Amino acid sequence: MISNAAISKVLRQIAYLIELEETKDNHEDNKNKVNTVFKIRAYRRTADVIENLSSNVEKIYNKWKLKGLTEIPSVGKAIALKIEEYITTGNIEYFGELKKRTPINVEEFYHLEGIGIGPRTVKALHDRLGIKNLAELEKAAAEGKIHSVPGFSYKKEESILRKIQSLKKDRGRYLLGDIYPLVKQIEVCLSNIKDVKKAIAVGSFRRMKETVGDIDYLVLSDAPEIVMDYFASMPEVDEVIGKGPSKTFVKLNNGMDADLLVVPKESFGSALQYFTGSKEHGVALRKIAISKGLHLNEWGIYDSNNNKMVAGSKEEDVYNILGLEWIPPEMRENNGEIELAKKERTGDGNKLKLPDLIDYNSLKGDLQVHSNDTDGMLSIQDIASAAKEKFELEYIAITDHTKSLALAHGLDEGRLLDQVNKISELNDILKNHFKYNNNNNKNKKDSSSSSNSFRILSGAEVNILKDGSLDISNNVLDKLDVVGAAIHSNFSQPVEVQTNRLIKAAQNPNVDIIFHPTGRIINKREGYPVNIEKLINDAKDTGTVLEVDAHYNRLDLKDEYIRMAVQNGVKLVIDSDAHHSMHFAFLVFGIGQARRGWAKQSNILNTFSVEKMLNSLK
DNA sequence: GCCGTTTTCGGCCCGACTGTTTTCAGTCG
């Protein structure tokens with residue numbers, strides 16, 4: 001399967017190569033030059049769109065051929081043909097010709113776009129110094145040959161060298177969960193500055209994207225210089241890259257870039273919208289603004305006729321003036337959300353509506369939790385107590401690994417039944433404990449309230465074997481409250497085999513949930529191949545629940561698949577996969593991912609009370 | 001090269017920051 005990233009990379013390189021040629025030619029006439037500029041822009045735009053597309057382009061092509069490709073925004077006939085050629089032959093003739101015409105190693109240089117060394121710079125250095133690849137560029141910069149080229153300076157030379165060196169240790173995109181605590185900590189520090197009225201982390205972080213490239217802070221303050229001085233001198237800052245009257249750019253100690261934007265009250269809403277992105281969503285909004293005789297930028301929304309500001313202080317107002325409902329940040333990917341947000345009625349009178357997304361505080365339980373009976377860190381009692389006291393959950397299911405996962409000291413039938421008895425005893429103790437507490441709590445208006453009750457459910461994370469059978473017998477699974485099944489071995493088998501393993505497990509009447517259905521580890525492991533449409537259909541038919549594993553390195557199902565499951569009426573749960581009490585904090589990432597998949601509260605079974613949730617399992 | 005709620009031709013999102021630029025090009029998000 002060809003990844004969207006691979007297609008996007010080729011398109012980006014084509015754009016780069018055309019720009020190198022455009023720079024080289026003494027443009028015969030201005031008209032041609034302008035056309036080339038927009039051609040380059042078209043390839044770049046398509047690369048952006050495909051990189052952020054939630055569906056796989058090859059799958060689209062396999063299903064609908066060229067017609068499917070041209071339905072992708074920004075893909076027209078010419079680029080669709082090139083994508084088809086790439087998918088079917090692995091090459092693009094036009095791309096090969098472009099590469100043949102230049103000695104410059106585009107493969108190495110196109111990465112430098114994004115760190116301030118673009119094709120025009122590279123072209124100029126090639127023409128004057130014969131630089132063809134990254135090693136030669138670094139050598140020339142180190143030897144002080146660059147500042148003698150017209151248009152270059154010592155400063156520029158130094159910056160090129162620094163950028164190449166920092167590229168070598170660049171970590172790329174960061175996992176949302178890895179940087180979440182640091183981002184929040186800086187947000188709090190900025191909020192606490194005396195002259196700051198509001199401070200918020202925006203960009204892909206606010207959209208809860210599974211990975212984040214850099215972090216943007218938006219601050220509402222009338223004293224920008226004080227805020228920016230504070231930001232630039234924070235202990236977390238490694239280097240100040242740029243500083244202007246309204247923006248500061250820094251590199252943090254962990255290697256991540258962070259930007260700060262300070263705006264006045266009247267612009268806070270439009271800046272919030274602008275810097276939350278996504279880029280594609282923002283471009284779509286600005287086009288709507290133009291069609292309505294308006295002009296939208298980060299400072300506000302203006303009447304194009306008289307340049308008078310019509311909104312800007314509140315994000316809601318920006319959307320409303322464009323004729324749109326306010327759109328939750330997690331949905332802002334230009335993947336159909338703008339259509340749903342339009343306020344006017346559609347032709348047939350049916351008003352489409354934005355989904356009422358699941359709230360961040362709506363989970364009542366967690367159905368994948370591990371104890372120290374296998375590879376968890378805490379006893380059942382301790383992790384249950386943390387779930388109730390610190391995270392205010394009403395129930396958890398203990399789902400330890402089973403026997404064929406020897407690495408985790410998985411439970412066999414005997415140990416599993418012992419655990420069921422232990423959980424039953426613990427529930428009795430909890431019940432008596434609450435009865436005692438409630439009877440003694442005279443101040444409580446409603447002492448019969450169930451708000452104090454907590455229930456531990458018995459369960460297991462049963463291993464799906466190579467042939468799709470389970471490693472625990474059905475008469476034992478029958479005694480559990482919740483059975484999750486998951487693949488932990490034999491990853492590299494054909495897609496049909498893997499899909500059939502999962503489907504066979506889902507067809508077992510005792511299996512309630514498929515845990516982390518695709519097995520991916522973000523940035524580390526692709527996961528095993530699964531025909532997700534088939535799995536979703538089968539989950540629907542058998543009433544099997546699919547899990548959103550909220551651990552930030554899994555987020556499995558991912559947003560795109562959650563949306564498919566929701567559309568098909570498949571029931572979902574969001575679990576922490578906790579091996580320690582701290583891990584319940586991961587649930588926020590699962591909820592963010594579910595919101596990115598357009599899930600409503602009613603789609604997620606563990607937003608229900610324990611009784612309702614259990615009744616909803618098969 | 002893409003695209004259409006004035007359009008199948010003639011437009012194409014927008015502003016901030018850097019550098020050596022004395023009015024603008026390159027680059028970014």
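Model, not experiment: these values are computed from the prediction. Each chain gets a letter, A, B and so on, in the order its sequence line appears, and its residues count up from 1.
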field: Any pair counted as salt bridge (Lys or Arg N to Asp or Glu O under 4.0 Å), so long as it reaches residues 43-66 of chain A, sequence neighbours left out
entry: R12(A)-D48(A), R12(A)-E51(A), E19(A)-R44(A), R44(A)-E113(A), D48(A)-K279(A)
statement: Nearest-nucleotide check on DNA chain B, V122(A) vs R286(A); residue mapping nearer the 5' end is R286(A)
- prompt: Residues from residues 205-219 of chain A sitting under 4.0 Å of DNA chain B, heavy atoms only?
  reply: none
Protein and nucleotides 18-21 of chain B: nitrogen or oxygen contacts under 3.5 angstrom:
from: dT18(B); atom 1: OP1; to: K243(A); atom 2: N; distance (Å): 2.9
from: dT20(B); atom 1: OP1; to: S153(A); atom 2: N; distance (Å): 3.4
from: dT20(B); atom 1: OP1; to: S153(A); atom 2: OG; distance (Å): 2.7
from: dT20(B); atom 1: OP2; to: S153(A); atom 2: OG; distance (Å): 2.7

query: Among K155(A), E157(A), K156(A), which residue meets the side-chain hydrogen bond (donor to acceptor under 3.5 Å, both in side chains) test with H147(A)?
result: E157(A)
- prompt: Given that both distances must come in under 3.5 Å, which nucleotide forms a Watson-Crick or G-U wobble pair with dG15(B)?
  reply: dC28(B)
- prompt: Among all residues two or more places apart in sequence or in another chain, which pass the salt bridge (Lys or Arg N to Asp or Glu O under 4.0 Å) test with K9(A)?
  reply: E107(A)
- request: Pick the P atom in dT20(B) and in dG26(B), then give their distance to the nearest Å.
  value: 14 Å
Tabulate below the donor-acceptor pairs under 3.5 Å that side-chain atoms of residues 209-219 of chain A make, not counting sequence neighbours, or state none.
from: K209(A); atom 1: NZ; to: N52(A); atom 2: OD1; distance (Å): 3.3
from: E210(A); atom 1: OE1; to: R520(A); atom 2: NH1; distance (Å): 3.4
from: E210(A); atom 1: OE1; to: R520(A); atom 2: NH2; distance (Å): 2.7
from: E210(A); atom 1: OE2; to: R520(A); atom 2: NH1; distance (Å): 3.1
from: T211(A); atom 1: OG1; to: R173(A); atom 2: NE; distance (Å): 2.8
from: Y217(A); atom 1: OH; to: V183(A); atom 2: O; distance (Å): 2.8

- prompt: Does any residue of residues 62-78 of chain A have a heavy atom under 4.0 Å from DNA chain B, and if so, which ones, in number order?
  reply: P73(A), S74(A), V75(A), G76(A), K77(A), A78(A)
message: Using a strict heavy-atom distance below 4.0 Å, which residues from residues 7-16 of chain A are in contact with DNA chain B?
response: none
- prompt: Can you find an N or O donor on one side and an acceptor on the other, under 3.5 Å apart, linking the side chain of Y274(A) with the base of dG29(B)?
  reply: yes
Report all interatomic pairs (protein N or O, nucleotide N or O of nucleotides 22-25 of chain B) with separations under 3.5 Å.
none

message: By the salt bridge (Lys or Arg N to Asp or Glu O under 4.0 Å) test, which pairs, at least two apart or in different chains, include something from residues 69-88 of chain A?
response: K67(A)-E71(A)
C1'-based separation of dT18(B) from dT7(B) [nearest Å]: 39 Å
field: Rounded distance in Å between the P positions of dC3(B) and dC13(B)
entry: 12 Å
field: With sequence neighbours excluded, residues passing salt bridge (Lys or Arg N to Asp or Glu O under 4.0 Å) with K139(A)
entry: E143(A)
Residues 196-206 of chain A, side-chain donor-acceptor partners within the protein, below 3.5 Å, at least two apart:
from: K197(A); atom 1: NZ; to: D222(A); atom 2: OD2; distance (Å): 3.4
from: R206(A); atom 1: NH1; to: T276(A); atom 2: OG1; distance (Å): 2.8
from: R206(A); atom 1: NH1; to: E315(A); atom 2: OE2; distance (Å): 3.0
from: R206(A); atom 1: NH2; to: E315(A); atom 2: OE1; distance (Å): 3.1

- line: Contacts satisfying salt bridge (Lys or Arg N to Asp or Glu O under 4.0 Å) that involve residues 298-311 of chain A (not counting sequence neighbours) are none
